[in-house]
Amino acid sequence: PTRLIVTSPNMDWIPDLAKDPRKVQVRTNGCFCTGDFTLWPQWYFSGTYYLPYIRRKPSDEELDNDEYKLLWYDMKRSDFMLEPGATVGDLGRVKPELVVKLANLRRDFLRKIKELRLSGRHDIKDLDELLYSECGMHFAVVALDCAPQSFLLTLLTLTSFQRHFLECLACFEYITIYKQRPLNDSGEPHPLNKGLIGAVTCHLEIANQLYYMGIPVWLVRPPGAIPYDMNIGAQCYPRDPSYLVSDTFPETDIIWIGDAGAIRNCACQGLRAGNLRLGHAARVRQPGEFQDAVHK
């Protein structure tokens with residue numbers, strides 16, 4: 001073989017990295033397909049060290065009983081209510097009962113964060129990413145409750161809340177579970193947690209670290225770096241990401257294009273109004289305007 005080889009010490013499938021485009025763009029479900037760190041394993045970088053600990057969406061059988069099932073809820077048109085008296089566009093908000101459920105979910109988790117901060121066992125610097133994500137959750141749920149928006153912006157605000165929550169939860173569980181997890185006395189890895197997204201890396205040291213912590217990991221290497229005596233458990237074919245929603249929203253631009261990196265990993269949380277072609281009245285010439293008017 002002459003191409004890069006993907007192996008895993010603990011998973012029975014591998015992601016089809018060739019199907020991961022360099023472009024990150026909003027899809028019709030408000031997510032970002034393979035560019036969304038809550039849906040697809042990203043390349044490991046120290047700047048986003050917590051992403052391997054993101055929880056994976058449970059199976060349909062397990063989802064109903066999961067305390068965080070709202071974090072994988074797909075917003076529907078029926079969840080969107082037009083704002084009474086609105087005269088511009090499709091301004092509206094999500095149904096109040098959905099906002100209440102999201103706010104309660106955040107409130108309950110906020111208690112755990114507060115206990116963690118007050119415990120005094122962790123330096124404030126260790127909590128930076130966690131507190132940043134918690135702040136993102138807060139602003140998202142306030143916007144959903146108070147700010148009428150178009151359906152697209154409401155959808156993006158909801159999925160942003162979900163990503164911030166999963167980010168915050170990953171940081172919390174990394175700090176409280178994985179960061180101080182000692183190696184087993186037997187030298188064996190900790191039990192594999194298939195409920196996490198995991199990570200892709202080309203560094204053997206990182207792969208070993210995640211493997212012994214029980215985190216899903218995939219190692220990418222050239223053929224010459226594969227040991228001739230490596231034990232091969234099974235051969236498998238790359239998993240196509242076709243099960244992810246890939247149709248793009250026509251009103252949105254590409255928000256990132258480039259190679260893998262920590263910035264690309266978080267591009268889906270960096271959406272700004274400038275990436276949306278909203279056709280706002282202030283930016284679009286209105287009928288009857290004097291095109292060559294001169295103001296003196």
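Side chains are part of it too, since the values below use all heavy atoms of this structure and drop only hydrogens, waters and symmetry mates.
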Can the ring centres of [X] and [Y] be said to be less than 6.0 Å apart?
{"X": "F172", "Y": "F109", "value": "yes"}
{"X": "Y68", "Y": "F165", "value": "yes"}
{"X": "Y50", "Y": "Y174", "value": "no"}
{"X": "F37", "Y": "F32", "value": "no"}

Taking the side chain as C-beta and beyond, is there a heavy-atom pair between [X] and [Y] under 4.5 Å?
{"X": "I113", "Y": "L130", "answer": "yes"}
{"X": "M213", "Y": "P189", "answer": "no"}
{"X": "Q209", "Y": "E205", "answer": "no"}
{"X": "Q269", "Y": "S160", "answer": "yes"}
{"X": "I255", "Y": "Q25", "answer": "no"}
{"X": "P21", "Y": "T34", "answer": "yes"}
{"X": "D12", "Y": "K194", "answer": "yes"}
{"X": "L102", "Y": "L144", "answer": "yes"}

Non-hydrogen atoms of [X] and [Y] that approach each other most closely:
{"X": "L91", "Y": "P148", "value": "CD2-O, 4.2 Å"}
{"X": "C266", "Y": "E167", "value": "SG-OE2, 4.5 Å"}
{"X": "G30", "Y": "L156", "value": "O-CD2, 4.0 Å"}
{"X": "P241", "Y": "D16", "value": "CD-CB, 4.4 Å"}
{"X": "M230", "Y": "I226", "value": "CE-CG2, 3.7 Å"}
{"X": "T154", "Y": "M75", "value": "CG2-CE, 3.8 Å"}

Checking R221 against C202 for the side chain to side chain contact (heavy atoms under 4.5 Å, CB included) test, could you report, in this order, the C-alpha distance in whole Å, the side-chain angles of both residues, the deciding distance, and whether it holds?
CA-CA 6 Å; R221 292 174 286 182; C202 58; over 6 Å; no
Enclosure of [X] [atom1] (heavy-atom neighbours >12, cutoff 6.0 Å):
{"X": "I232", "atom1": "CD1", "answer": "no"}
{"X": "R181", "atom1": "CZ", "answer": "yes"}
{"X": "H122", "atom1": "NE2", "answer": "yes"}
{"X": "Y237", "atom1": "OH", "answer": "no"}
{"X": "D229", "atom1": "CG", "answer": "yes"}

Using only heavy-atom distances, determine whether the side chains of [X] and [Y] contain a donor-acceptor pair under 3.5 Å.
{"X": "Y53", "Y": "N193", "value": "no"}
{"X": "N265", "Y": "T48", "value": "yes"}
{"X": "Q162", "Y": "T159", "value": "no"}

Please determine whether residues [X] and [Y] belong to a single hydrophobic cluster, defined as Ile, Leu, Val, Met, Phe, Trp and Tyr linked transitively by side-chain heavy-atom distances below 4.5 Å.
{"X": "M81", "Y": "V141", "answer": "no"}
{"X": "F161", "Y": "V99", "answer": "yes"}
{"X": "I197", "Y": "L51", "answer": "yes"}
{"X": "L166", "Y": "L196", "answer": "yes"}
{"X": "L131", "Y": "L116", "answer": "yes"}

Can you tell me how far apart [atom1] ([X]) and [atom2] ([Y]) are? Round to the nearest 0.5 Å.
{"X": "E115", "Y": "R111", "atom1": "CD", "atom2": "CZ", "answer": "9.0 Å"}
{"X": "C168", "Y": "E173", "atom1": "SG", "atom2": "CD", "answer": "10.5 Å"}
{"X": "F151", "Y": "D90", "atom1": "CZ", "atom2": "CG", "answer": "8.5 Å"}
{"X": "K23", "Y": "C33", "atom1": "NZ", "atom2": "SG", "answer": "13.5 Å"}
{"X": "E62", "Y": "N65", "atom1": "CD", "atom2": "CG", "answer": "9.0 Å"}
{"X": "I5", "Y": "L219", "atom1": "CD1", "atom2": "CG", "answer": "10.5 Å"}

Against the six-membered ring of F80, is R93 placed for a cation-pi contact (under 6.0 Å from the centre, within 45° of the normal)?
no
May I have the step-by-step check of salt bridge (charged side-chain N to carboxylate O under 4.0 Å, His left out) for D247 and R27, ending in yes or no?
CA-CA 5 Å; D247 294 335; R27 313 297 168 150; over 6 Å; no
For a side chain to side chain contact (heavy atoms under 4.5 Å, CB included) check, start with the C-alpha distance between C31 and T38, then their side-chain angles and the critical distance, and finish with the verdict.
CA-CA 9 Å; C31 299; T38 67; 5.6 Å; no
Are the charged groups of [X] and [Y] less than 4.0 angstrom apart, N to O?
{"X": "K69", "Y": "D64", "value": "no"}
{"X": "D20", "Y": "R264", "value": "yes"}
{"X": "K19", "Y": "D240", "value": "yes"}
{"X": "D36", "Y": "R163", "value": "yes"}

Would you confirm whether [X], through its side chain, and [Y], through its main-chain N or O, come within 3.5 Å as a donor-acceptor pair?
{"X": "H190", "Y": "P182", "answer": "yes"}
{"X": "T248", "Y": "P250", "answer": "no"}
{"X": "S46", "Y": "Y49", "answer": "no"}
{"X": "D79", "Y": "K76", "answer": "yes"}
{"X": "N10", "Y": "I215", "answer": "yes"}
{"X": "E129", "Y": "L127", "answer": "no"}

Mind checking whether H164 and Y132 have parallel, tilted or perpendicular rings, split at 30° and 60°?
perpendicular
Tracing side-chain links under 4.5 Å among I, L, V, M, F, W and Y, which residues wind up in one group with W13?
L4, V6, M11, I14, L17, W43, F45, L192, V200, W218, V220
So L110 and K114, side chain to side chain contact (heavy atoms under 4.5 Å, CB included) or not? Walk me through it.
CA-CA 6 Å; L110 198 59; K114 185 176 181 179; 5.8 Å; no
Verdict with supporting geometry, K57 and L71, side chain to side chain contact (heavy atoms under 4.5 Å, CB included):
CA-CA 9 Å; K57 181 180 178 180; L71 301 182; over 6 Å; no
